[in-house]
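Here the structure comes first, spelled out in structure tokens, and everything after it is commentary.
Start at 1 and go down the list; that is how both ligands and their atoms are numbered.
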Amino acid sequence: MAEGEPPAVPGVNGSIHICDFPGGTESPESHEEESSQSSAAQYNQDLKSVLVTSVLNLEELDVDLYRGTHHWVPRSQRLFGGQIIGQALVAAAKSVSDNHYAHSLHCYFVRAGDPKVPVLYQVDRTRDGRSFTVRSVKAIQHGQPILICQASFHMLQPSPLQHQFTMPVVPPPEDLLTVEELIRLYLSKPDLGEKSRQGLNKLLANEVPIEMKPVQPPHFYRLAAVEPRTLFWVRARGYIGEGNMKLHCCVAAYVSDFAFLGTALLPYPNYKAQFAASLDHAMWFHSTFRSDEWMLYECESPWAGGSRGLVQGRLWRRDGVLAASCSQEGVLRVKAVTEPSKL
Ligand SMILES: CC(C)(COP(=O)(O)OP(=O)(O)OC[C@H]1O[C@@H](n2cnc3c(N)ncnc32)[C@H](O)[C@@H]1OP(=O)(O)O)[C@@H](O)C(=O)NCCC(=O)NCCSC(=O)CCCC(=O)O
């Protein structure tokens, strides 16, 4: 990292280290009871997640027309993609019956979102079937689409066909540090340059409504290229509660775009992103989950080339159930750095 650049921090700009954790501690099942006990103890139920009280709380302007406002805006000063996807899914779900649940969404980010004005969400009721319902949503600013999204909802239909991959074995979130705690640790390094210190302090001041715990945080002096794979625990900051599944899917859509594309940069410590933005985002929801409880986000990048990178992710409930899968391609324009990243 060149002095003067805000330092790369795990989970904030995608610079999370390779996260292979053989010999992790416990079986996923052992957390089930502990999870519900700890959520009651951990959450002050008055501290509602800002994602629910504000970000995903759209204002209804007319039939199938909603307005969303912003909370956290990234350094790039373009709207966070996850916020636009989450709000689009909220708008889509408004006209869908209670017994149909989001099972997938497919989005293109066609223009940068402007943080200075709200976003309008225009919903087209594409089809209401018996089992499946499809909605198309256009997110609009300055009269032009910034995102086009199609979301599909399905009524519960049990089937004998049922399988999933196995969740990686990793230490439980209770044994790991949050991104903020890691930043404080880095800030305590005596050899940290003044500009890096300023960059880290700026990151600490960010009000990102997500909490993250990288499974294997980067070593401060990471100089080597690493495998494009990361694992981190993630949840909405604040309390949401059982609520409805539609809302948890919208929160997960928000969360799923955070620190995702950065996975494709991990093998290239000698390059820094000059321009990085998600081009599309797809998501499939597989089971019920609580987005205000720790979920393991397993991210990998199977390919990068031609100034683009592909990332794929799996969101696991801590009891080992696969909650959702995600895919995204992003534009990645990089430039060589003389001094490699310190993180
Ligand atoms: C992707 C684009 C930019 C494509 O539009 P476009 O008109 O085709 O634009 P463009 O030609 O690509 O130019 C964009 C910019 O890239 C520059 N450029 C173009 N070619 C090169 C090059 N070879 N080398 C270096 N720079 C190049 C252009 O000059 C443009 O720069 P400029 O905007 O003029 O400063 C557009 O569709 C868009 O902005 N879509 C929205 C993307 C978005 O906002 N996604 C969501 C936010 S990203 C996110 O949330 C990720 C989360 C981050 C996290 O992990 O925390």
Would you mind running through ligand 1 and noting each atom that sits below 4.0 Å from a heavy atom of [X]?
{"X": "G81", "answer": "46 (C), 47 (C), 49 (C), 50 (O)"}
{"X": "R78", "answer": "38 (C), 39 (O), 41 (C), 42 (C), 43 (C), 44 (O)"}
{"X": "L79", "answer": "47 (C)"}

Counting only heavy atoms, which portion of [X] has something under 4.0 Å from ligand 1: side chain, backbone, both, or neither?
{"X": "A259", "answer": "backbone"}
{"X": "L279", "answer": "side chain"}
{"X": "F275", "answer": "side chain"}

Please report whether ligand 1 has a polar contact with F109, defined as an N or O pair separated by less than 3.5 Å (distance criterion only). yes
Kindly confirm or rule out an N or O of W72 lying under 3.5 angstrom from an N or O of ligand 1. no
Salt bridge or not between E174 and R318? Use side-chain N to carboxylate O under 4.0 Å. yes
Cationic N near anionic O, under 4.0 Å, K94 to E59: no
Tell me whether the centres of the aromatic rings in W284 and H106 are closer together than 6.0 Å. yes
Does the plane of the ring in F285 sit parallel, tilted or perpendicular to the ring in F289? Use 30° and 60° as the thresholds. parallel
Is there a side-chain contact between I240 and S291 (heavy atoms, below 4.5 Å)? yes
Pick from R75, Q83, R111: the one approaching atom 41 (C) of ligand 1 most closely through a non-hydrogen atom: R111
Can you give each donor-acceptor pair under 3.5 Å made by side-chain atoms of residues 326-334, sequence neighbours left out, with the distance rounded to 0.1 Å?
from, atom 1, to, atom 2, distance (Å)
Q328, NE2, D257, OD1, 2.6
Q328, NE2, H281, ND1, 2.8
E329, OE2, R308, NE, 2.9

Any S278 heavy atom less than 4.0 Å to ligand 1: yes
Heavy-atom contact check, 4.0 Å cutoff: does G262 meet ligand 1? no
Can you run down the ring-ring contact (aromatic ring centres under 6.0 Å, His included) pairs that involve residues 109-132, sequence neighbours left out, and say none if there aren't any? H103-F132, F132-H154
F258 vs W72, ring pair (Phe, Tyr, Trp, His ring centres under 6.0 Å): CA-CA, chis, key distance, verdict: CA-CA 12 Å; F258 195 72; W72 167 74; 5.4 Å; yes
